[in-house]
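The structure appears right after this line, and notes come after that.
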Amino acid sequence: MAFSLLLVALIIGHLLADFYWQPMSWVNDRNTRHFKASKLYFHVLVHGVTSALIITLWEYTFGWQQLSSVLIATASIMLSHYFIDIAKSYSNKGVVPFLLDQIAHILVIIALSIWLTDNNSFMAAINNMLTDPKILWVVCGYLIILSPSAVFIRMMLERLTSNFSSTGSLPLAGQSIGMLERVLMLSFILLDQFAGLGFLLAAKSVFRFGDLSASKDKKLTEYVMLGTLLSVSVTLFVGLGINYLIRQAIQ
């Protein structure tokens, strides 16, 4: 309980300091001036004060009541946050740098929470997850329905609709929508919530009805139908297969 309490408190503190207590002007200053940005140091200081308050409260309630632990943990959060944000300021500001930035911050928080609580159960739980065939099969399923399935569906559509051109749409929009669609469908299948699968297909049909009814191009309708049915078929096949393999792993 003590480990979970410290971990969630530090994550909440990180979210508040990184997203709610950081004005956009600070972000722009950091991205423009990098390590010369004065607002970056204010931002790191906000993180330090927030983390210090949380760790102090925890340390003197559940911990060993050592001021040195508070100082070391706070300094570690501030220094790591400074260098991670500096690295991000030199990136292309895309989704991947954003995710890597947040993952790095969370990993630091997890490591410090383990150190402060002297808790080995978290690492044991991670080890159990990495060696659990059921979880590995689920990971395998999601990996299959993302890039490999997208490649397969694209090849099938190119073969069946060789002369069709989807002009007027956003670049890679169809592929991205298809990936999100398959992730949701596989999640519903693995949870045995096939009603959610039907709801997702019905919602997509409603949203695409206007485009298809307004279009006089029969090829567009056939293209959308083929893509949807291929996506559903692949995900159903993978999902039911993963469910079967998980049941076999339990036995």
Side-chain angles (χ1 to χ4, degrees), residues 3-59 61 69-117 122 126 142 146-147 150 166-184 187 200 203-204 207-208 210-211:
F3 168 76
S4 298
L5 180 61
L6 177 61
L7 180 61
V8 71
L10 286 175
I11 291 176
I12 290 173
H14 165 76
L15 294 174
L16 289 172
D18 225 32
F19 294 98
Y20 293 90
W21 298 338
Q22 179 180 206
M24 200 62 199
S25 60
W26 292 14
V27 177
N28 294 332
D29 187 44
R30 180 196 66 202
N31 291 336
T32 304
R33 302 179 62 199
H34 308 294
F35 62 89
K36 295 181 180 179
S38 59
K39 300 298 190 298
L40 173 60
Y41 297 94
F42 289 138
H43 176 58
V44 171
L45 181 61
V46 170
H47 269 281
V49 171
T50 305
S51 301
L53 289 174
I54 293 170
I55 296 169
T56 300
L57 287 172
W58 183 90
E59 186 70 27
T61 305
S69 298
V70 177
L71 295 176
I72 292 172
T74 302
S76 299
I77 288 176
M78 293 178 69
L79 287 173
S80 63
H81 204 97
Y82 173 80
F83 287 111
I84 291 169
D85 278 13
I86 284 292
K88 185 189 175 187
S89 72
Y90 286 98
S91 70
N92 59 7
K93 316 302 183 295
V95 174
V96 173
F98 170 78
L99 291 176
L100 291 176
D101 170 81
Q102 293 302 314
I103 290 171
H105 292 314
I106 297 301
L107 288 176
V108 171
I109 289 173
I110 292 173
L112 287 173
S113 298
I114 293 173
W115 174 67
L116 287 168
T117 59
F122 179 81
I126 295 295
Y142 281 105
L146 288 171
S147 185
S166 56
T167 57
S169 61
L170 293 173
L172 299 178
Q175 180 177 334
S176 301
I177 292 171
M179 286 184 176
L180 290 172
E181 176 184 280
R182 289 191 296 277
V183 166
L184 290 172
S187 300
L200 179 63
K204 182 180 180 182
F207 283 117
R208 292 308 301 258
D211 294 335

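Everything numeric in this text was worked out from a predicted model, so none of it was measured.
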From [atom1] ([X]) to [atom2] ([Y]), nearest 0.5 Å:
| X | Y | atom1 | atom2 | answer |
| --- | --- | --- | --- | --- |
| Lys36 | Asp29 | NZ | CG | 12.0 Å |
| Tyr82 | Phe35 | OH | CZ | 7.0 Å |
| Leu6 | Ile110 | CG | CD1 | 11.5 Å |
| Leu112 | Ser51 | CG | OG | 9.0 Å |
| Ile54 | Ile12 | CD1 | CD1 | 8.0 Å |
| Lys39 | Leu45 | NZ | CG | 13.5 Å |

Quiz item: Counting only heavy atoms not in Phe3, do more than 12 fall under 6.0 Å of its CZ?
Solution: yes
Quiz item: When you look at OH of Tyr20, are more than 12 heavy atoms from neighbouring residues, nucleotides or ligands closer to it than 6.0 Å?
Solution: no
Quiz item: Is the closest side-chain donor-acceptor distance between His47 and Asp18 under 3.5 Å?
Solution: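 There is such a pair (donor and acceptor under 3.5 Å, judged by atom type) between the side chains of His47 and Asp18.
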Side chain proximity check, [X] to [Y], heavy atoms < 4.5 angstrom:
| X | Y | answer |
| --- | --- | --- |
| Met179 | Val183 | no |
| Arg30 | Gln22 | yes |
| Phe98 | Ser91 | no |
| Trp115 | Ile72 | yes |
| Met78 | Tyr41 | no |
| Ile55 | Leu10 | yes |
| His81 | His105 | yes |
| Ile86 | Leu40 | yes |

Minimum heavy-atom distance between [X] and [Y], given as atom pair plus value:
| X | Y | answer |
| --- | --- | --- |
| Ser69 | Leu116 | CB-CD2, 3.8 Å |
| Leu5 | Val8 | O-CG1, 3.4 Å |
| Thr74 | Gly48 | CG2-O, 3.4 Å |
| Thr50 | Ala17 | OG1-CB, 4.4 Å |
| Ser89 | Asn31 | CA-OD1, 3.7 Å |
| Trp21 | Trp26 | O-CZ3, 4.0 Å |

Self-check item: Partner set under ring-ring contact (aromatic ring centres under 6.0 Å, His included) for Phe83, not counting sequence neighbours
Solution: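 Applying ring-ring contact (aromatic ring centres under 6.0 Å, His included) to Phe83 gives none.
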